[in-house]
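Both counts, for ligands and for their atoms, begin at 1 and track the order of listing.
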Amino acid sequence: MKKKLNIGIIGYGFMGRTHSNAYRRVVNFFDVPYEPVLQVICGLEADKAKAFADQWGYKSHTTDWRKVIEDKTIDVVDICVPNNVHAEIAIAAAKAGKVIVCEKPLALNGAQGKEMVDAVEKAGVANLVSFNYRRVPAVTLAKQLIDEGRLGKIFHYRANFLQDWTISAKVPQGGMATWRLDVKAAGSGVTGDLLAHCIDTAMWHNGPITTVCAMTETFIKERMNVDTGKVEPVGIDDACMFLCRFENGSLGNFESTRYARGHKALYTFEINGEHASIGWDLHDLHRLNYFDHRDESIVRGWRSIHVTDADMPYMGKWWVPGLQIGYEHSFVHQTADFLENLAKGKPTSPTFREALATQYVCDAVLASAKNQKWETVKKR
Ligand code: SOE
């Protein structure tokens, strides 16, 4: 019999669903040491929380996150609410000795993120920030190939995260569906929401980013705020581009926008090394593109690796070679790794402290865009 681990998720939106699905599925496919039990779902509206509880099999629901923290039977507090509430909940959960999972980005900014890191480290509780794309098998395979030295010295890392859902001026800010456009709830726009993913993966693949030079734009200056009912200035960055230097001497080039008509969630990266290059595209997430200059010239070229074989990261746990998996599985993998490490008393990456490094890059990017100069990224 596996030890039961009682889960309380705060937030029943998009991320509440991805995390609930992961806790439910993980035991079916991975030999994890715990059986997660969906104990309580917490959300703003009681009827929606109840409907969510019924649909996902939660034992109970509440509209008060403090009740989740105070509940002695809850082992894991999983934070899936807008960014401005992460810190308060995480710090209270740490004081109550809970294991904590928090959606990305860690916080509104580095200063707040640092308070969260201090809280979890003081309490000595296990913690994880959900940068799920690391655990798409092709992205994990890219990390493996880099660590094996196949690329040799790395020269370039470039990443994009392109969307198009805010082009209409009629899209409001604030509220349940569009809080990402309200700077008070989100902290920033594409920098914290989308580039944070690219930065997390990039530093995992290629080490720390040291300096940045950025440019941001807010194309639509005013939007109706659903919370206040008034047309208010837009405080987020709609688009952001930045150049950077990595500690290992390589150069980075990052771009994100919600104004790239035709692109819904086009997260791509390419890494160029001395011997080989790697490319990946979220719209084709089970493939890893690989070019190796050491191949015999008459067959040398970009190959498209179908990441479905059993010896590729995580894939041995799913179907048979050739059958691919998708977006939601990255959360299942994250949960599997987290539960395995939890039983061994080992941290799972990215911890709050590792996510703070990403937050500091985001801070430097926004400062650079504001000050129109290169900025040095704060060290931990
Ligand atoms: C924004 O549209 C968003 O949902 C992000 O918040 C997620 O982190 C990203 O994975 C997909 O896009």
Side-chain angles (χ1 to χ4, degrees), residues 9-22 78-86 101-108 113 128-140 159-168 171-204 218-220 223 226 234 236-240 254-269 280-286 325-335 350 355 358-359 361-362:
I9 294 193
I10 303 173
Y12 51 43
F14 171 24
M15 284 304 127
R17 290 165 62 220
T18 61
H19 290 218
S20 299
N21 178 61
D78 191 321
I79 305 169
C80 294
V81 286
N83 308 342
N84 59 330
V85 213
H86 288 186
V101 177
C102 184
E103 250 311 308
K104 48 59 60 176
L106 177 63
L108 291 176
L128 169 76
V129 178
S130 176
F131 278 111
N132 62 297
Y133 294 116
R134 284 184 179 209
R135 290 177 168 90
V136 170
V139 177
T140 316
N160 288 336
F161 206 137
L162 312 179
Q163 299 187 331
D164 72 353
W165 62 283
T166 67
I167 294 178
S168 167
V171 176
Q173 56 177 316
M176 287 280 283
T178 46
W179 63 265
R180 285 177 176 80
L181 276 69
D182 180 355
V183 73
K184 293 189 291 302
S188 69
V190 294
T191 300
D193 190 36
L194 302 178
L195 283 174
H197 278 301
C198 306
I199 295 164
D200 172 74
T201 315
M203 294 204 291
W204 185 52
T218 304
F219 296 117
I220 294 184
R223 290 183 189 271
V226 178
V234 174
I236 56 151
D237 43 303
D238 286 337
C240 176
F254 292 74
E255 179 184 0
S256 183
T257 179
R258 292 179 179 139
Y259 289 70
R261 184 59 89 202
H263 294 309
K264 306 300 169 187
L266 188 71
Y267 175 12
T268 55
F269 62 73
W280 177 77
D281 171 351
L282 175 57
H283 285 190
D284 211 4
L285 87 181
H286 52 284
I325 56 169
Y327 166 76
E328 68 273 29
H329 302 86
S330 61
F331 293 90
V332 179
H333 301 158
Q334 174 175 278
T335 305
T358 294
Q359 200 78 52
V361 175
C362 292

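By the 4.5 Å heavy-atom criterion applied to side chains, Trp204 and Thr140 are counted as neighbours. Counting heavy atoms from C-beta outward, Phe161 and Val190 have side chains that stay 4.5 Å or more apart. For the pair His197 and Phe131, the minimum side-chain heavy-atom distance is below 4.5 Å.
For Met15, the closest heavy-atom approach to ligand 1 does not fall below 4.0 Å. The closest approach between Arg258 and ligand 1 stays at or above 4.0 Å for every heavy atom of the residue.
The nearest heavy-atom contact from the protein to atom 6 (O) of ligand 1 is Asp193 OD1, 2.6 Å.
Distances below 4.0 Å separate heavy atoms of Phe14 from the following atoms of ligand 1: 4 (O). For ligand 1, the atoms closer than 4.0 angstrom to any heavy atom of Lys104 are 5 (C), 6 (O), 7 (C), 8 (O).
Using a 3.5 Å distance cut-off with no hydrogens or angles, the side chains of Gln173 and Thr178 do not pair a donor with an acceptor.
By the 3.5 Å distance cut-off applied to N or O atoms, Gln163 is counted among the residues near ligand 1.
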**Trace of the side-chain contact (heavy atoms from CB on, under 4.5 Å) decision for Tyr327 with Tyr133** = CA-CA 8 Å; Tyr327 166 76; Tyr133 294 116; 3.6 Å; yes
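The closest non-hydrogen atom to atom 9 (C) of ligand 1, taken over Trp165, Tyr327, Tyr133, comes from Tyr133.
A salt bridge is absent between Arg258 and Asp164; no separation between the charged side-chain nitrogens and carboxylate oxygens falls under 4.0 Å.
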